[in-house]
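Single-structure report; data block below.
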Amino acid sequence: MDTVNDIESGIQLVSSASNDHNGWIDISSSSLARTWTYDVFLSFRGEDTRRNFVAYLFQALCNKGIYTYKDDQRLEKGKSISPELLQAIQESLFSVIIFSKGYASSTWCLEELVKIMECHQIIGQFVLPIFYDVDPSDVRKQRNSFADAFAKHERDQSPEKVQKWKEALSQAAGLSGWHSCNFSDDNELVEKLVQDLHSQLHHFESPPGEHNLAGVGSRMEEVISLMDLRSAEAVRIVGIHGKAGIGKTTIARALFDRLSDKYEAACFLDDVGQISSKHGVDYLQEILLSEMLKLRNVKIRSTSEGMSMMTRRFRHLRSLIVLDDVDHADQLKALVGNRNWFGGGSRIFITTRDGELLLKYGADSTYKVCGLSYKEAKQLFTVHAFGSRTPGAFRQHFIGPICSICRLPSSLKAWASLVRCRDVAWGEIFKPIGSVLGGCLVAAYLIGFITLFIIAIKVIFLGADFPDFMNPSKRKYSPTFSFHPFPKNP
């Protein structure tokens, strides 16, 4: 594991007929550009696998938050496949086909398969075959139980339909897939399959534009370099510190989203300091235990009991834990007391405003988050103020002044909320100034700075609600005050 890229590398492509047990698919296709309703559609022969393998697989997918379509109402006898089911196939990103010995005996399954392969060819849906106690070549060439099934279909169905089913089977069996004989049991197959599906789905999540535009990507890489991912056995603790609103939580969340599926257990605890003060640190221990162990309603009677339980239950787990906004050493002692609480290769991130707290706790590395550069500030402000739209000429006046004096992400977002959707009102207010100064660059900056000054006065002295002071219905100060940069003429 030389770099983080080694950890995040995809599963290699293998032939479905090979002896390798974990095949995968190339994600560079048009599916990246489309949206979907379901992450995974399961196609299976109910009589063969519903109560065992499919039940385990469906539950494991749900536990990972993978939205999966499994038809529990299918009859498969005397009833054609429903339009709703066909639509569910079309609206899924992945189709997982469980080929079992009785799969081809169901005309329902075969019709599903035809639709799946059409979606694979036309819209780029990803298809993953699982060969459950069957040989891939039997599926591809319709031998043994598949030959018996088609002997019956050839008597009962039209030649055109039978040929269409055979072609779909051959195409699907030729894709990279998983063979159950390469695993010790169903649990191992399900665990590895779900883990890899979860990893692949990360490629299709909407990119957090704010993370990249605001420079979070580069800062995240700097923090990852402190993790020492080459050390697969050591437990390493990394602290992220800086002033309020600087982006510590955003960086930590981006790291967690990127790396969490590479660990056996993972948990992101938000607002540790605030929640600890309000509910007690044992409440956070219950959340941590529940998330890490995938248990519901974990209850502990005391902080010491929680520490003892975590020591016993976490020591064999390769874990990723983020403690966000820690403000006291007691919180660290109760939640991540000692390194020997955790399995080898575990990584713990702590975000805090207090850099000294990290040193006292004994963090292996610390990273101080600094303000955004002018370019990064401009990118973040533009995204939140204008979205994908091109800003009007008037609103462009505010970009330079705001980004010159404000480099905190949280403050930039607040300023952006003021500028957003206010072209008409603000344009009328400043139109006389723009006319006098001729619309030059100096005028643009002057307008912006005057605006910022007036906003500051309103907020500080009149108690205006910062993001909403332009909305009369949400003002906290007297309605007799209105927003005017200069007094009205008497």
Side-chain angles (χ1 to χ4, degrees), residues 1-4 6-7 220 222-241 248-249 251-273 275-276 280-295 298 300 302-369:
M1 185 181 319
D2 292 335
T3 65
V4 70
D6 295 329
I7 292 181
M220 182 172 63
E222 292 175 10
V223 176
I224 286 176
S225 69
L226 303 175
M227 292 176 62
D228 189 18
L229 293 174
R230 294 179 178 84
S231 177
E233 296 301 323
V235 176
R236 192 163 178 83
I237 300 167
V238 178
I240 304 172
H241 65 102
K248 303 182 297 295
T249 300
I251 295 170
R253 174 59 71 179
L255 280 166
F256 184 82
D257 291 344
R258 177 171 173 178
L259 300 175
S260 59
D261 63 307
K262 309 300 184 296
Y263 292 82
E264 295 173 327
C267 179
F268 190 108
L269 284 179
D270 296 281
D271 299 323
V272 169
I275 294 175
S276 178
V281 73
D282 51 337
Y283 175 77
L284 288 167
Q285 289 179 325
E286 291 175 347
I287 295 175
L288 183 59
L289 285 162
S290 298
E291 289 290 323
M292 297 284 283
L293 303 176
K294 303 299 182 186
L295 298 175
V298 173
I300 57 175
S302 66
T303 300
S304 59
E305 182 185 4
M307 294 168 66
S308 177
M309 186 175 180
M310 286 189 284
T311 303
R312 295 193 310 270
R313 302 298 298 272
F314 293 171
R315 60 184 176 176
H316 299 301
L317 288 175
R318 184 171 176 269
S319 307
L320 177 67
I321 296 175
V322 177
L323 304 183
D324 176 50
D325 202 13
V326 174
D327 60 15
H328 200 281
D330 288 347
Q331 297 155 11
L332 296 177
K333 180 181 177 181
L335 296 171
V336 289
N338 294 305
R339 296 170 194 267
N340 59 12
W341 287 12
F342 306 97
S346 295
R347 295 294 183 268
I348 298 167
F349 291 100
I350 302 164
T351 75
T352 180
R353 303 179 194 180
D354 186 1
E356 292 295 323
L357 181 63
L358 298 171
L359 296 177
K360 292 177 182 177
Y361 177 66
D364 296 295
S365 301
T366 61
Y367 179 80
K368 183 177 181 179
V369 185

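A pairwise comparison of heavy atoms in R339 and V235 identifies NH1-O, 2.9 Å as the closest pair. Nearest heavy-atom pair, L288 versus L335, reported as atom, atom and distance to 0.1 Å: CD2-O, 3.6 Å. Between G239 and L358 the shortest heavy-atom distance is CA-CD1, 3.6 Å. In this structure, D270 and I275 approach most closely via the heavy-atom pair O-CD1, 3.3 Å. The shortest non-hydrogen separation linking C267 to E291 is SG-CB, 3.6 Å. Contact record, Y263 with M227: OH-CE, 3.9 Å, taken as the closest heavy-atom pair.
Once rounded to the nearest 0.5 Å, the distance linking NZ of K248 with CD1 of I240 reads 9.5 Å. Rounding to the nearest 0.5 angstrom, the gap separating the CZ atom in F349 from the CG atom in L255 is 5.0 Å. The CD atom of E264 lies 9.5 Å from the CE atom of M292; values are rounded to the nearest 0.5 Å. Between the CE atom of M307 and the CG atom of N338 there is a distance of 7.5 Å, given to the nearest 0.5 Å. With rounding to the nearest 0.5 angstrom, the NZ atom of K333 is 12.0 Å from the OH atom of Y361. Interatomic distance, I237 CD1 to D364 CG, rounded to the nearest 0.5 Å: 6.0 Å.
Side-chain contact annotation: T311 with R315, donor-acceptor N/O pair under 3.5 Å absent.
Remark: the backbone N or O of E222 is paired with a side-chain donor or acceptor of S225 at under 3.5 angstrom. Judged by distance alone, with hydrogens and angles left aside, the side-chain atoms of R313 form no donor-acceptor pair with the main-chain N or O of L289 at under 3.5 Å. A donor-acceptor pair is defined here as one N or O able to donate and one able to accept, closer than 3.5 Å; such a pair exists between the side chain of R318 and the backbone of K262. Side-chain atoms of S260 do not come within 3.5 Å of backbone N or O of L320 as any donor-acceptor pair. The backbone N or O of E286 lies less than 3.5 Å from a partner atom in the side chain of S290, making a donor-acceptor pair. Here the side chain of S304 pairs no donor or acceptor atom with the backbone of S302 at under 3.5 angstrom.
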For residues 321-328, which side-chain N or O atoms pair as donor and acceptor with protein atoms under 3.5 Å away, sequence neighbours left out?
{"from": "D324", "atom 1": "OD1", "to": "T249", "atom 2": "OG1", "distance (Å)": "2.6"}
{"from": "D324", "atom 1": "OD1", "to": "T351", "atom 2": "OG1", "distance (Å)": "2.7"}
{"from": "D324", "atom 1": "OD2", "to": "T249", "atom 2": "OG1", "distance (Å)": "3.3"}
{"from": "D324", "atom 1": "OD2", "to": "D271", "atom 2": "N", "distance (Å)": "3.4"}
{"from": "D327", "atom 1": "OD1", "to": "Q331", "atom 2": "NE2", "distance (Å)": "2.6"}
{"from": "H328", "atom 1": "ND1", "to": "D330", "atom 2": "N", "distance (Å)": "3.0"}

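Residues L317 and L293 meet the side-chain proximity criterion, which asks for heavy atoms closer than 4.5 Å. Counting heavy atoms from C-beta outward, H241 and T366 have side chains that approach closer than 4.5 Å. Residues V369 and I251 are in side-chain contact: their nearest non-hydrogen atoms beyond the backbone lie under 4.5 Å apart.
Ring orientation note: the planes of F256 and F268 are nearly perpendicular, at an angle over 60° on the 30°/60° scale.
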Evaluate the criterion side chain to side chain contact (heavy atoms under 4.5 Å, CB included) for residue pair L259 and R347; output intermediate values, then yes/no. CA-CA 10 Å; L259 300 175; R347 295 294 183 268; over 6 Å; no
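Around atom CZ of R236, more than 12 heavy atoms belonging to other residues, nucleotides or ligands sit under 6.0 Å away.
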